[in-house]
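Below: one structure, written as structure tokens.
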Amino acid sequence: MQYDFNSCPSRYGTNSTKWDGMAGGFGAECKYPLWIADMDFVSPPEVVKALQERVAHGVFGYSITPDSYLEAIVEWEKTRHNFAIEKDWILFSPGVVPGVYWSVNLFTQPGDKVMVLTPVYNPFFAAIKNQGRTLVECPLQRDERGHYGVDLDLFARTIRENDVKVFILCSPHNPVGRVWTKAEIDSMVDICVENGVLIVSDEIHQDIVFEGYEHLPTASTSQKALENTITITAATKTFNLAGLQNSILIVPDKVRRGKIQKNASEQLDIMGGNLLGYVAVEAAYRHGGQWLDELIAVIEQNYRLLCDYIAKMPKLNVTPMEATYLAWVDMNGLGLDDDELDAFLKKECLIAANMGRVYGPNGKGFVRFNIGCQRDMLTEALESLLAAYNKRFA
């Protein structure tokens with residue numbers, strides 16, 4: 001490999017949420033942070049170099065959005081995802097979640113119904129409930145192999161019966177790791193368009209897709225999808241840049257785009273982003289392709305390592321993983337309630353991980369593990385899990 005994914009400087013003492021925040025969130029005994037979606041890999045050297053050069057300038061005043069930054073986004077979407085977008089469609093957001101809040105706030109009214117496919121990334125729930133909208137859950141269907149899919153009849157019925165106004169899609173899906181097929185996307189788009197439902201598509205994990213699968217941006221699949229979708233994405237998960245708070249809204253519809261711009265400037269006074277965020281994202285999109293390809297291979301190797309260890313624990317099952325670096329593990333076979341499972345992981349396995357219950361009722365008994373880390377650390381964590389499992393359940 002050209003890049004080093006085997007080492008990482010210590011993140012303790014850097015105000016890292018993942019590492020320095022672990023004790024407060026999970027307990028001082030925890031050693032292995034497999035929770036928040038933040039990788040333990042150094043960002044591409046081309047990104048670090050670009051930031052160093054900009055920092056060397058020494059002046060960090062207000063900045064305008066660089067045209068070269070917008071061009072880099074356009075080129076990345078075209079070459080990496082075959083999604084032809086225009087610079088004018090791109091809006092800044094400090095994060096994907098604020099983009100979801102914006103979309104719910106501006107394109108629904110208090111009391112309106114907003115639908116998600118559960119289990120799903122839990123900030124979606126807050127973005128709906130905290131703004132006085134009504135959450136509607138459409139549960140994903142899980143087959144005997146642990147593979148999740150959409151029951152399209154249920155999907156359509158749930159929309160119609162609840163008069164849903166907005167559908168928030170997670171693509172690829174967090175936490176179940178699905179890459180939606182064109183047939184699935186086309187069917188969901190058709191149903192939404194027929195029922196006047198706006199699609200808000202969170203595609204922050206779009207770049208980390210395993211071999212044999214292809215991420216299709218929802219808006220790229222047809223003209224009606226393009227006209228009926230707000231895409232929210234970022235380079236932050238892909239290149240480990242979350243602390244720079246730079247996300248991207250792609251809004252082809254001029255009226256919706258204008259409404260977001262007006263709200264940002266006149267009500268929130270958000271005029272643009274972090275100037276170092278612009279630098280990092282542009283460098284990543286222009287020079288990070290090879291690094292990303294190698295990263296995906298590393299994540300796939302970590303996934304296989306996880307599967308090998310889980311195979312030694314017959315009461316557990318790993319959901320087939322197609323994308324992201326977030327593994328979804330079924331631990332219902334242990335016979336523990338959620339509080340007991342949480343305590344088992346923290347106190348006996350010394351692992352900080354995200355409990356599945358936060359992603360919806362059908363996440364009960366599941367755990368989300370972040371495998372975006374060095375193989376040695378992941379091996380230690382899995383050894384700890386295996387030892388605790390054998391002690392109690394073998």
What heavy-atom pair brings L241 and A235 nearest, and what distance separates the two atoms? CD1-O, 4.2 Å
Do the ring planes of Y121 and F124 sit parallel (below 30°), tilted (30 to 60°) or perpendicular (above 60°)? perpendicular
Where is the tightest heavy-atom contact between R11 and M39, given as atom of each residue plus distance? NH1-O, 3.3 Å
I64 atom CD1: more than 12 heavy-atom contacts under 6.0 Å: no
L336 side chain near R392 side chain, heavy-atom distance below 4.5 Å: yes
Side chains of N130 and Y101, donor plus acceptor under 3.5 Å: yes
Side-chain H-bond candidate by donor/acceptor type, T379 with D376, under 3.5 Å: no
Calculate, to the nearest 0.5 Å, the distance between atoms CG and CZ belonging to L306 and R304 respectively. 12.0 Å
Relative to the ring of F366, is the ring of W328 parallel (under 30°), tilted (30 to 60°) or perpendicular (over 60°)? parallel
Atom pair CE (M1) and CG (N6), whose distance is rounded to the nearest 0.5 Å: 8.5 Å
Calculate, to the nearest 0.5 Å, the distance between atoms CZ and CG belonging to R375 and N302 respectively. 6.0 Å
Donor-acceptor pair between E203 and T218 side chains, under 3.5 angstrom: yes
Using the side-chain contact (heavy atoms from CB on, under 4.5 Å) criterion, which residues pair with P66? Sequence neighbours excluded. S68, Y69, Y278
Name all pairs fulfilling the ring-ring contact (aromatic ring centres under 6.0 Å, His included) condition that reach into residues 293-312, sequence neighbours left out, sorted by first residue then second. F210-Y303
Considering non-hydrogen atoms only, spot the tightest contact between V42 and W291 and give its length. O-CZ2, 3.4 Å
Taking the six-membered ring where the residue is Trp, are the ring centres of F344 and F393 under 6.0 Å apart? yes
Pair W35-N370, side-chain donor/acceptor within less than 3.5 Å: no
Any donor-acceptor N or O pair under 3.5 Å, side chains E77, Q206: yes
Salt bridge (Lys or Arg N to Asp or Glu O under 4.0 Å) evaluation trace for E29 with K346: CA-CA 7 Å; E29 66 271 23; K346 290 190 292 192; over 6 Å; no
Step through the shown structure and confirm whether more than 12 heavy atoms of other residues, nucleotides or ligands are within 6.0 Å of CE on M271. no
Testing the basics here: between M188 and L169, what is the closest heavy-atom pair and its distance to 0.1 Å? CE-CD1, 4.2 Å
Gap between atom CZ of R357 and atom CG of L341 - 0.5 Å precision: 8.5 Å
Looking at D207 and A234, what are the two nearest heavy atoms and their distance? OD2-O, 4.5 Å
Could you check F239 against F41 for ring pair (Phe, Tyr, Trp, His ring centres under 6.0 Å), going step by step and ending with a plain yes or no? CA-CA 9 Å; F239 298 102; F41 302 120; over 10 Å; no
How close do D40 and N240 get, counting heavy atoms only, and between which atoms? N-ND2, 4.3 Å
Count the heavy atoms belonging to other residues, nucleotides or ligands that lie under 6.0 Å from OH of Y12, then report whether that count exceeds 12. yes
So, does D342 use its side chain to make a donor-acceptor pair with the main chain of D338 at under 3.5 Å? no
Are a donor atom and an acceptor atom from the side chains of N362 and R142 found within less than 3.5 Å of each other? no
Quick check for you: to the nearest 0.5 Å, what is the distance between I371 atom CD1 and L326 atom CG? 8.0 Å
Distance-only check: which donor-acceptor pairs under 3.5 Å involve side-chain atoms of residues 83-93, not counting sequence neighbours?
| unit_1 | atom_1 | unit_2 | atom_2 | d |
| --- | --- | --- | --- | --- |
| K87 | NZ | D67 | OD1 | 3.1 |
| K87 | NZ | D67 | OD2 | 3.0 |
| S93 | OG | G95 | N | 3.4 |
| S93 | OG | G95 | O | 2.6 |
| S93 | OG | G99 | N | 3.4 |

Take E348 and K391 through the salt bridge (Lys or Arg N to Asp or Glu O under 4.0 Å) test and state the conclusion after the steps. CA-CA 10 Å; E348 298 179 49; K391 186 174 181 180; over 6 Å; no
